[in-house]
Amino acid sequence: LYRIGGDEFCVIHHGAKDGMAACVELLEEKAAAWKGKYIGGFTISYGVANKGEKDSVVSLVKLADQRMYACKQAYYKKLA
């Protein structure tokens with residue numbers, strides 16, 4: 001897990017796709033349950049890319065980033 005910048009983070013998961021799905025589900029549950037002192041709640045947007053989809057780390061990160069922005073757009077469309 002590392003910070004890319006601002007409020008963007010990258011998680012590199014070594015394991016099966018179902019393990020990554022479980023990780024994303026857990027993150028969603030924790031975000032939904034958050035009750036902080038200064039921030040009452042937050043949401044997460046994420047993009048997942050698997051090593052078989054692209055041939056380099058740079059292209060994998062780019063794909064995951066594109067998917068994260070698509071997730072974010074879908075969230076805001078639901079609010080409209």
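All of these numbers come straight from a predicted model, not from anything done at the bench.
- Using a 4.5 Å heavy-atom cutoff, the side chains of E8 and D65 are in contact.
- I44 and V24 fall within a single hydrophobic cluster, where Ile, Leu, Val, Met, Phe, Trp and Tyr are joined by side-chain heavy atoms under 4.5 Å apart, directly or via other members.
- Between the CD atom of Q73 and the NZ atom of K78 there is a distance of 14.0 Å, given to the nearest 0.5 Å.
- Here CG of L60 is found 8.5 Å from NZ of K54. Values are rounded to the nearest 0.5 Å.
- Nearest heavy atoms, E53 versus V48: OE1-O, 4.3 Å.
- With a 4.5 Å cut-off on side-chain heavy atoms, Y46 and L27 do not count as touching.
- For OH of Y76, the number of neighbouring non-hydrogen atoms (other residues, nucleotides, ligands) closer than 6.0 Å is 12 at most.
- Considering only heavy atoms from C-beta on, I12 comes within 4.5 Å of Y2 through its side chain.
- To the nearest 0.5 Å, the span separating CZ on R3 from SG on C10 amounts to 14.0 Å.
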Working for side-chain contact (heavy atoms from CB on, under 4.5 Å), residues Y75 and T43: CA-CA 9 Å; Y75 171 78; T43 60; 3.7 Å; yes
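- Checking side-chain atoms of W34 against main-chain N and O of I39 turns up a donor-acceptor pair under 3.5 Å.
- R67 places no side-chain N or O within donor-acceptor distance of the main-chain N or O of A70, the cut-off being under 3.5 Å.
- To the nearest 0.5 Å, the span separating OG on S45 from CG on D7 amounts to 9.0 Å.
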